[in-house]
Amino acid sequence: TQNSTRRYLMNLTYRTIDYNSADDCELLARWYNDRSSRHLHILFTSAENAAETFTPEHFQRLGQSFSAESTRHDLMVLVDGVPAGEARIEMDPPKLLTKRPNTAWIYLMIAEPNFRRCGLGTRITDHLESLAVDTGAERIEAGIFEYNAPSLSFFTRRGYTEFQRRPNRIWWDGRMWNEVRLLKTL
């Protein structure tokens, strides 16, 4: 198929997201406002919250809030030099439920529709897991919304196991849904 052929032809690279760059912040705003996918990666807590629009200035402020000592790495995913999505790894962030040292949190979003369903998720997750090992992580925690069955299946196939469901954490499609926390030991 076209997607399986394209999978092997894509040159996948990463660079640090530049929150001082108008281009990066405008791209992030476009991706985070995409109504076809934003419910898959943004934790909205109410209908009002889900209706909010992200601006480039939001991402500039976000970048300014990170400390120099941060163990957070925000990556722009590039396919053949073209921005395709975002990936992130954080070491021991407060959002972890495991509360055990040396735990990484990972996040990925394939934002451009023409790059979905062609193996990028596997390659990006491989990269994030490798970064986690390189930074001394002993385990990785991730949060997936319960209605995102493809992501839950993907991470389960990769050896992540569910360890907690957080009830009524995300607003989507007229109701509250659970967040599923997954863990993988490295």
Side-chain angles (χ1 to χ4, degrees), residues 12-21 24-25 27-29 31-34 37-45 49 52 54-78 83-111 120-146 148 150-152 154-166 169-170 177-186:
L12 185 61
T13 56
Y14 306 88
R15 68 168 174 78
T16 301
I17 292 174
D18 181 357
Y19 290 100
N20 293 314
S21 159
D24 277 10
C25 291
L27 187 58
L28 290 168
W31 288 345
Y32 277 66
N33 289 317
D34 181 347
S37 62
R38 65 191 256 147
H39 65 283
L40 298 174
H41 57 92
I42 304 170
L43 196 148
F44 295 114
T45 56
N49 181 248
E52 290 179 10
F54 291 91
T55 65
E57 294 76 23
H58 165 84
F59 292 99
Q60 290 168 339
R61 284 190 305 275
L62 181 68
Q64 292 168 358
S65 72
F66 302 142
S67 71
E69 302 84 40
S70 176
T71 57
R72 173 184 176 127
H73 302 282
D74 292 14
L75 304 172
M76 183 72 68
V77 177
L78 306 165
E86 176 189 16
R88 180 178 312 127
I89 181 170
E90 300 174 67
M91 285 299 296
D92 299 317
K95 68 181 103 186
L96 294 176
L97 297 182
T98 53
K99 302 298 183 202
R100 294 175 59 198
N102 302 316
T103 302
W105 173 270
I106 63 170
Y107 162 87
L108 65 127
M109 168 183 55
I110 301 168
L120 276 184
T122 297
R123 293 175 63 191
I124 295 167
T125 304
D126 287 346
H127 182 70
L128 292 172
E129 289 177 352
S130 177
L131 288 174
V133 168
D134 291 349
T135 57
E138 297 172 8
R139 70 201 64 75
I140 298 173
E141 186 174 326
I144 309 292
F145 307 134
E146 72 177 331
N148 191 348
S151 286
L152 286 170
F154 170 80
F155 280 101
T156 300
R157 286 191 314 271
R158 293 189 60 90
Y160 289 76
T161 57
E162 180 180 334
F163 72 93
Q164 188 172 353
R165 282 190 181 240
R166 299 177 78 192
R169 287 280 296 161
I170 173 99
W177 296 79
N178 298 333
E179 177 194 28
V180 180
R181 286 295 179 102
L182 304 172
L183 191 65
K184 180 177 184 177
T185 301
L186 301 173

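Both backbone and side-chain heavy atoms feed into the values below; hydrogens, waters and symmetry mates do not.
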Arg100, CZ atom: more than 12 neighbouring heavy atoms under 6.0 Å
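Atom CZ in Arg100 is not crowded, with 12 or fewer foreign heavy atoms closer than 6.0 Å.
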
[X] versus [Y], closest heavy-atom pair with distance:
X: Leu152; Y: Phe145; value: CD1-O, 4.2 Å
X: Phe59; Y: Leu28; value: CE1-C, 3.7 Å
X: Gln60; Y: Tyr19; value: CG-O, 3.3 Å
X: Ala104; Y: Met91; value: CB-SD, 3.7 Å
X: Met76; Y: Pro83; value: SD-CB, 3.9 Å
X: Leu131; Y: Leu75; value: CD1-CD1, 3.9 Å

Does any part of the side chain of [Y], heavy atoms only, come nearer than 4.5 Å to the side chain of [X], both counted from C-beta?
X: Leu12; Y: His127; result: no
X: Thr125; Y: Leu108; result: yes
X: Arg38; Y: Asn33; result: yes
X: Gln164; Y: Thr98; result: no

Separation of [Y] [atom2] from [X] [atom1] (nearest 0.5 Å):
X: Arg157; Y: Thr122; atom1: CZ; atom2: OG1; value: 7.0 Å
X: Ile106; Y: Phe155; atom1: CD1; atom2: CZ; value: 4.5 Å
X: Gln64; Y: Glu57; atom1: CD; atom2: CD; value: 11.0 Å
X: His41; Y: Ile110; atom1: NE2; atom2: CD1; value: 11.0 Å
X: Asp34; Y: His39; atom1: CG; atom2: NE2; value: 9.5 Å
X: Leu128; Y: Trp105; atom1: CG; atom2: CH2; value: 12.5 Å

May I ask you to decide if the ring planes of Tyr32 and Phe54 are parallel, tilted or perpendicular, using 30° and 60° as cut-offs?
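Geometry flag for Phe54 against Tyr32: perpendicular rings.
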
Candidate pair Ile42 and Glu52, rule side chain to side chain contact (heavy atoms under 4.5 Å, CB included), full reasoning
CA-CA 11 Å; Ile42 304 170; Glu52 290 179 10; over 6 Å; no

Start with the C-alpha gap between Glu141 and Phe163, add the side-chain angles, then the distance that decides, and say whether side chain to side chain contact (heavy atoms under 4.5 Å, CB included) holds.
CA-CA 10 Å; Glu141 186 174 326; Phe163 72 93; 3.6 Å; yes

Determine whether a donor-acceptor pair (N or O, by modelled atom type, separation under 3.5 Å) exists between the side chain of [X] and the backbone of [Y].
X: Glu146; Y: Asn178; result: yes
X: Lys99; Y: Pro94; result: yes
X: Asn148; Y: Ile144; result: no

What verdict does the side chain to side chain contact (heavy atoms under 4.5 Å, CB included) test give for Tyr14 and Val77, after you've listed the backbone C-alpha separation in whole Å, the side-chain angles of each residue and the deciding distance to 0.1 Å?
CA-CA 5 Å; Tyr14 306 88; Val77 177; 3.9 Å; yes

Test log, rule side chain to side chain contact (heavy atoms under 4.5 Å, CB included), inputs Val180 and Arg165:
CA-CA 5 Å; Val180 180; Arg165 282 190 181 240; 3.6 Å; yes

Would you kindly say whether Asp18 and Ser21 are connected by a side-chain donor-acceptor distance under 3.5 Å?
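Per modelled atom types, Asp18 and Ser21 side chains form no pair under 3.5 Å.
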
Is a donor from one side chain sitting under 3.5 angstrom from an acceptor on the other, for Asn102 and Arg139?
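Distance-only check fails for Asn102 and Arg139.
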
